[in-house]
Amino acid sequence: MTSHFFGDTAVLTRRSLRHITRSLDTIITTAIMPIAFMLLFVYVFGGAINSGSKSYVDYLLPGILLITVASGISYTAFRLFLDMKSGIFERFQSMPIARSSVLWAHVLTSLVANLISVVAVLLVALLMGFRSSAGLAAWLAVAGILLLFTLALTWIAVIPGLTAKSVDGASAFSYPLIFLPFISSAFVPTATMPGPVRAFAEHQPVTLIVNAIRDLFTQRPVGTGIWLALAWCVGILVVAYAFAMVTFRRKIS
């Protein structure tokens with residue numbers, strides 16, 4: 001049964017990846033907005049923002065990476081919605097394949113697509129002057145956090161992909177996720193914010209994740225922050241996965 005699931009997931013993932021290669025504009029579009037934000041904040045607003053960092057692009061990049069992922073998962077919901085409306089799910093149900101492999105194929109495709117977008121943003125950041133003294137272990141830790149964050153948000157994307165009534169509805173859910181980093185430590189230190197806003201910013205998951213990545217890039221002690229960031233990612237992943245699977249079973253029943 002396990003090998004059956006893995007084999008079916010591999011086949012369906014190749015199918016989804018072929019769709020990605022035929023529409024590379026979706027990946028390019030995903031990366032353009034975060035890059036535009038990065039250019040805008042570094043070259044227009046950066047001189048007026050006191051981040052406490054020698055280079056504002058170094059301070060900004062962790063938040064931009066999270067925005068890149070949040071932007072990319074909207075296409076996961078969009079592709080899943082199209083499959084639902086095309087009737088391909090009904091055809092898959094009539095075939096001897098593991099049912100959950102259909103969802104996992106979309107999830108793995110999202111991981112690949114977002115990886116490409118994140119690498120593109122990193123390359124632009126390097127051209128803009130981003131530098132990190134982090135070693136291999138720190139870079140692997142950053143990659144692990146981003147992978148877990150992407151996985152969590154992708155399972156959130158599965159839910160509107162299955163339940164949306166329109167294309168716009170399938171992708172619109174990502175807008176709050178894209179703008180959540182703006183009310184965090186991603187762009188400015190939370191200490192500069194007024195009381196209620198600061199309280200929200202300091203206790204929402206994006207701030208913890210951004211701070212953990214920033215500490216890893218700058219080789220500062222991460223302390224308990226990284227464990228809180230991972231706990232948020234795992235918690236969101238578990239809840240989103242459970243809701244997605246319940247929604248999926250209702251759809252195919």
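Source: prediction; values computed, not measured.
When hydrophobic clusters are built by joining Ile, Leu, Val, Met, Phe, Trp and Tyr residues whose side-chain heavy atoms come closer than 4.5 Å, directly or via intermediates, Met33 is grouped together with Ile35. Residues Leu126 and Trp139 are members of one and the same hydrophobic cluster, defined by side-chain heavy-atom contacts under 4.5 angstrom among Ile, Leu, Val, Met, Phe, Trp and Tyr. Residue Ile183 is grouped with residue Trp232 when hydrophobic side chains (ILVMFWY) are merged at heavy-atom distances under 4.5 angstrom, including chains of intermediate members. Val239 and Ile236 fall into different hydrophobic clusters, where Ile, Leu, Val, Met, Phe, Trp and Tyr residues are linked whenever their side-chain heavy atoms come under 4.5 Å apart, directly or through other members. Both Phe130 and Val124 are part of a single hydrophobic cluster, where members link through side-chain heavy atoms under 4.5 Å apart.
Considering only heavy atoms from C-beta on, Thr76 stays 4.5 Å or farther from Val107 through its side chain. With contacts defined as side-chain heavy-atom distances shorter than 4.5 Å, the pair Pro181/Val210 does not qualify. Using a 4.5 Å heavy-atom cutoff, the side chains of Met128 and Tyr43 are in contact. No side-chain heavy atom of Val121 sits under 4.5 Å from any side-chain heavy atom of Ile67. Leu136 has its side chain within reach of Leu140: a pair of non-hydrogen atoms, C-beta onward, lies under 4.5 Å apart.
Between Phe41 and Phe182, the ring planes lie tilted relative to each other; the angle falls in the 30° to 60° range. Relative orientation of the Trp104 and Tyr241 rings is tilted, given thresholds of 30° and 60° on the angle between their planes.
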Report all side-chain donor-acceptor pairs from residues 141-155 shorter than 3.5 Å, counting only partners two or more places apart or in another chain.
from	atom 1	to	atom 2	distance (Å)
Thr150	OG1	Leu146	O	2.7
Thr154	OG1	Ser110	OG	2.9
Thr154	OG1	Thr150	O	2.6

Show me, pair by pair, the donor-acceptor contacts under 3.5 angstrom made by side chains of residues 56-66, not counting sequence neighbours?
from	atom 1	to	atom 2	distance (Å)
Tyr56	OH	Phe187	O	2.8
Asp58	OD1	Arg131	N	3.2
Tyr59	OH	Ser185	O	3.1
Tyr59	OH	Val188	O	3.4

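To the nearest 0.5 Å, atoms OG1 (Thr207) and CZ (Phe200) are separated by 8.5 Å. Taking NE2 from His203 and OG from Ser184, the interatomic distance works out to 14.0 Å, rounded to the nearest 0.5 Å. Note that the CD1 atom of Ile213 and the CG atom of Asp215 stand 10.5 Å from one another [nearest 0.5 Å]. The line from CZ of Phe78 to NE2 of His106 is 11.5 Å long, rounded to the nearest 0.5 Å. Once rounded to the nearest 0.5 Å, the distance linking OG1 of Thr190 with CD of Gln204 reads 10.0 Å.
Contact detail for Met245 and Leu103: the closest heavy-atom pair is SD-CD1, 3.9 Å. Nearest heavy atoms, Val222 versus Ala212: CG1-O, 4.3 Å. For the pair Ile159 and Ala240, the tightest heavy-atom approach, listed with the atom from each and the gap, is CD1-O, 4.0 Å. Residues Pro160 and Ile156 share a closest heavy-atom pair of CD-O, 2.9 Å.
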Quiz item: Under the side-chain contact (heavy atoms from CB on, under 4.5 Å) criterion, do Leu115 and Leu111 qualify, and how do the steps go?
Solution: CA-CA 6 Å; Leu115 172 63; Leu111 292 178; over 6 Å; no
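Put simply, the side chain of Thr68 never gets that close to the backbone of Ser117: no donor and acceptor are under 3.5 Å apart.
Residues satisfying the salt bridge (Lys or Arg N to Asp or Glu O under 4.0 Å) test with Arg14, not counting sequence neighbours, are none.
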